[in-house]
Structure formats: C-alpha cells, structure tokens
Amino acid sequence: MRLGVDIGGTKTEAVAVDGTGGIIQRLRLVTGFGHDAVAQTAISAINGIAELCDISPSEFTSIGIGIPGVVDGQSGRVSHAVNLGLDDFDLASAISESLGISVRIDNDVTAAAYGTYQFLRPGASMGYLNLGTGLAAGLVIDGKPWRGARGGAGEIGHIPVDPSGLHCGCGQRGCLETVASGSGIARAWATDDPYPARSLFDAADAGDAAAIVIRDSFVNGVASAVRILILTADVETIVIGGGLSHLGDDLLSAVRGVLAEWAAASPFLASLDLESRVLLMPQAFPAAAVGAALLGGQIRETV
Ligand SMILES: [Zn+2]
C-alpha cells in the first residue's frame with residue numbers, strides 16, 4: 001500500500017492506494033497555516049490514514065506529499081507557497097523528525113498530473129491543465145512526470161499574452177493567468193455568489209453583455225493554454241482539472257468551440273486536431289493525492 005497526501009490551500013486530502021492507484025482509504029482534513037501547522041496537518045493525515053488501514057506509517061511502501069509552491073524534490077524544501085504561509089520550509093525534515101520515516105514532496109500540479117495519467121491512461125504523454133485560483137500545467141512525458149531543469153516546467157500561467165493587460169502577482173503584465181483562472185474571473189466579474197465562475201457562465205448564457213465578454217476572454221485563455229501545451233510538448237492529450245473543471249461540459253464545449261474556430265482558419269492547427277485532444281478530469285477523483293502516493297519513494301527509517 002502507498003500513502004499520498006495533497007495539501008491544498010484550505011483542505012488536505014489523503015489516500016491509501018494499491019500499486020495501480022486504486023483507492024483503499026480516503027481522509028479529508030482542514031489545512032493549517034504556517035510552517036508548524038502545515039507540517040502538523042501532513043503528520044495528522046499520515047497518522048489518520050495509517051489508523052484507517054490498521055498499520056503503522058512505516059509499513060507503507062511509500063509516502064508522497066503534493067503541495068502548491070516550488071518544491072526541491074531532492075531536499076523536500078518548499079518555497080513560494082504563499083497561500084499556506086510557507087517559504088523555504090523543509091517540510092520533509094519536519095515530517096521525518098516527527099514520524100521517523102522519509103517522505104517525498106512534489107509540487108501538487110505535478111502530482112495531480114501523474115495521478116490523472118495513471119487513472120485515465122490517455123496515451124504515452126499528457127498535459128494536465130490545472131484551472132484553479134491560478135493557472136498551471138503538469139506534464140507527463142513517456143509515462144513519467146516532467147518537472148523541468150528547475151521545477152518551472154508547465155508554469156504557462158505566467159506567459160504574457162497581452163502587453164497592455166493587468167499586472168500579475170509574478171511581476172509581469174498580461175499573463176495568461178490574469179484572464180484564464182479563478183482569480184482572473186473573480187477580479188473581472190463582481191458577484192456575491194460563492195461560485196463566481198458558475199455565476200459568470202450563467203449570466204453569459206442569459207445574455208448579459210458584460211458577462212459574455214469576460215466569459216469569452218476566459219475561454220479564449222483556456223484554449224490558448226491548450227494550444228501552448230500542444231505546440232511546445234505535443235502531448236497526446238490535455239486534461240482540464242482543478243476547481244473550475246466543475247463548470248463541466250459548459251467549459252469543455254466552449255473551449256472546443258474556440259479550438260475549432262482556430263482550426264477553420266489555420267490548416268496547420270487543423271492538422272493537429274486540438275479539439276479532440278482535450279478532455280475534462282472526471283469529478284471527485286483525488287488526483288493529486290493519488291499521484292503523490294504513486295510518486296512517493298521507497299520509505300526509509302530516518303531514526
Ligand atoms: Zn504572471
């Protein structure tokens with residue numbers, strides 16, 4: 001059995017899986033904020049799943065953790081995890097000091113990409129487009145996660161697409177993420193609805209002119225992300241996941257519609273058949289936790 005933990009901005013999801021990623025146990029916790037609280041959340045998740053499985057944490061084949069931010073896979077240090085209050089934090093050591101075993105830390109989108117890949121098996125290569133508060137992609141190439149030379153692979157949300165666009169948190173202007181993300185929608189579409197993206201799509205469907213402009217800009221941005229991933233890595237399939245994938249078929253059909261328009265105007269794009277290579281992540285599958293479990297290295301006792 002393998003154990004995986006996905007530490008999110010508000011929730012932490014943990015799973016025990018078999019060697020092929022089949023879920024055996026599942027647990028959800030509220031994520032703490034700051035170095036100590038995040039480490040404690042991870043430790044509680046590991047202990048909780050071990051209890052559900054009636055074994056000790058050291059008896060798992062591997063333990064992996066997915067977390068937002070820049071992760072040094074060798075040292076297990078986490079940086080730039082702003083939503084969790086972490087910067088330059090040695091999460092792997094904090095966990096190993098408490099539990100006496102080694103764990104592997106990975107970026108959460110990389111983990112989600114790998115979990116999705118194992119679940120869907122969509123050919124040899126796949127891009128996972130994480131549409132959440134931000135926009136980022138995870139790549140699986142020839143069955144293996146592709147993290148890049150410095151962990152920056154797939155950070156396509158920070159490709160500037162509009163020189164006169166909005167300032168982005170990364171310091172650039174007009175990044176793709178400023179239009180094609182949950183935060184982009186929240187900034188452009190003022191609403192009290194707890195699901196601003198759903199509210200935006202509903203208003204656009206009802207004919208609201210302002211909503212149509214914002215929705216179309218968002219959908220164009222998502223389609224651009226698909227085009228970027230295929231033109232850089234030529235992955236066989238792009239799977240859209242993350243919180244905004246709950247928009248479901250409304251989102252998928254709109255993105256496919258834009259890709260079809262581009263194909264009609266460009267024989268080059270038409271030859272790549274972008275439209276049929278985009279899928280939606282099946283809902284309720286804990287992709288990042290499963291991926292983290294499968295990416296976790298062999299457990300070593302550390303004390
Ligand atoms: Zn940016």
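Numbering of ligands and ligand atoms starts at 1, following listing order.
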Tell me the salt bridge (Lys or Arg N to Asp or Glu O under 4.0 Å) pairs involving [range], sequence neighbours left out?
| range | result |
| --- | --- |
| residues 266-282 | Asp234-Arg277 |
| residues 242-252 | Arg198-Asp250 |
| residues 64-91 | Arg77-Asp88, Arg77-Asp90 |

Which word best sums up how the rings of Phe218 and Phe201 line up, parallel for under 30°, tilted for 30 to 60°, or perpendicular for over 60°? perpendicular
Counting distance only, does the side-chain N/O of Arg256 pair as donor-acceptor with the main-chain N or O of Val278 below 3.5 Å? yes
Which residue in the set Tyr128, Phe285, Tyr114 passes ring pair (Phe, Tyr, Trp, His ring centres under 6.0 Å) when paired with Phe119? Phe285
Report, as a single number, the protein N, O or S atoms less than 2.8 Å from the Zn ion (ligand 1). 4
